[in-house]
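Only heavy atoms go into these numbers, but all of them, side chains included; no hydrogens, no water, no symmetry mates. Naming convention: chains lettered A, B, ... in sequence-line order (proteins, then strands); numbering from 1 in each chain.
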Protein chains: 2
Amino acid sequence: MARLSDIIEEFLKELIIEEEGTVEIQRNELASKFNCVPSQINYVISTRFTAEKGYYVESRRGGGGYICIKRVNPDSAGDYLMHIINSLGDKISQLTSEVFINNFVDYNIIETREAMIMKAATSDKALSFVPMDKRDDVRAAILKNMLMSLTVL
Amino acid sequence: MARLSDIIEEFLKELIIEEEGTVEIQRNELASKFNCVPSQINYVISTRFTAEKGYYVESRRGGGGYICIKRVNPDSAGDYLMHIINSLGDKISQLTSEVFINNFVDYNIIETREAMIMKAATSDKALSFVPMDKRDDVRAAILKNMLMSLTVL
DNA sequence: CTTTTTGACTATCTCTGACTATTATTATAA
DNA sequence: TTATAATAATAGTCAGAGATAGTCAAAAAG
């Protein structure tokens with residue numbers, strides 16, 4: 001029993017993909033397409049296309065009014081990660097690495113579990129077979145690689 | 001006379017087998033199917049489909065609400081992971097590592113994003129600073145460490 | 001005594017509609 | 001012609017109704 005809101009959400013997201021990141025609609029038109037009251041469109045937008053979820057919405061009332069939804073997060077999260085990756089040096093200590101990873105959680109770039117995995121992968125324990133003098137290089141390479149893998153999703 | 005809770009438990013487990021590991025129900029619907037109060041469904045879930053027993057449950061209230069039960073693994077995820085960790089040798093190739101990681105996703109042990117992170121951490125690219133003859137040892141250590149970090153969550 | 005069953009009360013999410021706010025267009029007055 | 005007022009065309013807000021699921025403690029069963 002799919003909810004109408006979910007159906008409308010899906011419809012809009014597909015449009016956004018088709019239109020490559022932005023879509024412009026008219027509230028009443030969309031509402032009548034889905035046989036619902038216009039305010040349902042507002043409901044869908046305010047619960048599904050929030051800034052937190054990576055969307056930016058603007059609108060205008062009056063004759064020729066519209067609602068425009070833009071997807072911002074995929075790029076900006078990717079950009080942010082690229083920025084961090086570029087700022088990382090060729091060597092990094094376990095402690096510094098953990099600080100970075102904790103920051104990613106704070107900034108909602110990664111989940112707690114993902115952070116645990118990353119910390120585990122970059123811990124001295126995991127790298128015990130790597131000679132001390134190479135360890136910080138390897139750690140930096142691993143961390144960068146893990147972060148890079150997230151920029152494409 | 002079998003207890004109702006047992007009957008509902010059995011019904012759900014069969015459904016889970018049919019649906020290959022996951023089932024989605026509506027509380028009221030299921031309750032009326034078995035002629036019981038809706039909260040009995042909660043009772044069954046909270047006593048029979050616990051995390052300890054290898055199930056993961058999520059739900060949503062409101063119109064079109066649902067309860068979704070996923071079987072993580074016959075054993076608990078932690079046990080399963082420990083088993084895998086112990087079965088891993090001291091060396092592992094990139095290819096073998098990826099096969100393992102893909103299996104974890106299939107068995108609902110980890111998420112797709114987590115898999116990507118793990119693959120990135122154990123790729124030859126990430127380990128390019130590690131001499132070839134040590135690489136598979138380091139990779140095995142990293143993989144084990146990442147998996148270990150998940151056994152405690 | 002422990003487990004199961006029940007139901008009253010609560011929490012959360014969705015849908016609806018009346019009322020409000022804003023903008024564009026058209027009509028009217030100066 | 002220009003300024004202003006009325007009208008039309010949109011979108012926004014919010015509270016209430018509807019639809020689910022969750023909690024908890026008492027009653028019932030074993």
Side-chain angles (χ1 to χ4, degrees), chain A residues 1-16 19 21-72 108, chain B residues 1-16 19 21-72 108:
Chain A
M1 208 178 306
R3 292 171 221 88
L4 219 209
S5 290
D6 291 343
I7 295 170
I8 297 174
E9 174 189 9
E10 206 46 47
F11 174 80
L12 288 173
K13 285 189 171 165
E14 271 174 30
L15 263 191
I16 289 173
E19 312 282 325
T22 172
V23 65
E24 188 174 312
I25 54 161
Q26 294 212 275
R27 193 180 74 147
N28 292 346
E29 191 185 290
L30 189 60
S32 69
K33 182 188 197 89
F34 286 103
N35 256 312
C36 64
V37 294
S39 58
Q40 174 124 28
I41 306 303
N42 296 89
Y43 176 72
V44 172
I45 287 171
S46 64
T47 55
R48 269 85 164 168
F49 294 91
T50 62
E52 216 178 45
K53 291 180 179 166
Y55 294 91
Y56 172 66
V57 179
E58 53 184 30
S59 65
R60 225 168 122 179
R61 311 185 188 190
Y66 62 85
I67 299 176
C68 179
I69 306 175
K70 290 177 182 161
R71 184 186 56 206
V72 293
N108 287 315
Chain B
M1 166 142 95
R3 279 169 252 114
L4 219 208
S5 290
D6 292 340
I7 295 170
I8 296 175
E9 174 189 9
E10 207 45 48
F11 174 80
L12 287 174
K13 285 189 171 165
E14 271 174 31
L15 261 191
I16 288 172
E19 312 281 326
T22 171
V23 66
E24 187 175 312
I25 54 161
Q26 294 210 275
R27 194 180 73 148
N28 293 346
E29 192 185 287
L30 189 61
S32 69
K33 183 188 197 90
F34 286 102
N35 257 311
C36 64
V37 294
S39 58
Q40 174 125 28
I41 306 302
N42 295 89
Y43 177 72
V44 172
I45 286 172
S46 63
T47 56
R48 270 87 164 168
F49 294 90
T50 62
E52 235 175 32
K53 291 179 179 166
Y55 294 91
Y56 172 67
V57 179
E58 53 184 28
S59 65
R60 231 170 116 176
R61 311 185 188 190
Y66 62 83
I67 298 176
C68 180
I69 306 176
K70 290 179 182 160
R71 183 186 54 210
V72 175
N108 287 317

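Along DNA chain D, the nucleotide nearest B:Ile25 and the nucleotide nearest A:Gly62 are compared for position; the residue whose nucleotide lies closer to the 5' end is A:Gly62. If B:Cys36 and B:Arg60 are placed on DNA chain C by their nearest nucleotide, the residue sitting closer to the 5' end is B:Cys36. Nearest-nucleotide mapping onto DNA chain C: of A:Val44 and A:Gly64, the residue sitting toward the 5' end is A:Val44.
Taking every side-chain heavy atom of B:Ser59 into account, D:dG22 is the closest of D:dG22, C:dT20, C:dC13. Out of C:dG17, D:dT10, D:dG22, the shortest distance to the side chain of A:Val37 is found at C:dG17. The side chain of A:Ser5 has C:dT14 as its nearest neighbour among C:dT6, C:dT14, D:dG22.
Residue contacts for A:Leu4: at a heavy-atom cut-off of 4.0 Å it reaches the sugar-phosphate backbone alone, with no base atom in range. Note on B:Gly63: a base of the nucleic acid sits closer than 4.0 angstrom, heavy atoms only. Among the protein residues, A:Ile41 comes within range of no part of the nucleic acid, since none of its heavy atoms lies under 4.0 Å from any strand.
Not a single donor-acceptor pair, N or O on each side, falls under 3.5 Å between the base of D:dG30 and the side chain of B:Arg3. At a cut-off of 3.5 angstrom, counting only N and O atoms as typed in the model, there is no donor on one side facing an acceptor on the other between the side-chain of B:Ser39 and the base of D:dG22.
Here NZ of B:Lys33 is found 11.0 Å from CD1 of B:Ile41. Values are rounded to the nearest 0.5 Å.
Between A:Tyr43 and C:dT14 there is a side-chain N or O to OP1 or OP2 distance below 4.0 Å. A sub-4.0 Å separation between OP1 or OP2 of D:dG12 and a side-chain N or O of A:Asn42 is present. In this structure, A:Arg48 reaches the C:dT14 phosphate: one of its side-chain N or O atoms is under 4.0 Å from OP1 or OP2. Contact between the side-chain N/O atoms of A:Asn28 and the OP1/OP2 oxygens of D:dA9 is not found at any separation under 4.0 Å.
The nearest whole Å value for the distance from the CD1 atom in B:Ile8 to the P atom in C:dT4 is 12 Å. Distance A:Ile67 CD1 to C:dA21 P: 18 Å, rounded to the nearest Å. Rounding to whole angstrom units, CZ of residue A:Arg27 and C1' of D:dA11 are separated by 5 Å. Between the CZ atom of B:Arg61 and the C1' atom of D:dA21 there is a distance of 6 Å, given to the nearest Å. Computed from coordinates, the B:Ile69 CD1 to D:dA21 C1' distance equals 13 Å when rounded to whole Å. In this structure, A:Glu24 atom CD and D:dA11 atom C1' are separated by 13 Å, rounded to whole Å.
Aromatic rings from A:Phe34 and A:Phe11 are positioned such that their centres are separated by under 6.0 Å.
When the shell of 6.0 Å around NZ of A:Lys70 is examined, it contains 12 or fewer heavy atoms from other residues, nucleotides or ligands.
Between the side chain of B:Thr50 and the main chain of B:Lys53, a donor-acceptor pair closer than 3.5 Å is present. Between the A:Arg71 side chain and the A:Tyr55 main chain, no donor and acceptor come within less than 3.5 Å of each other.
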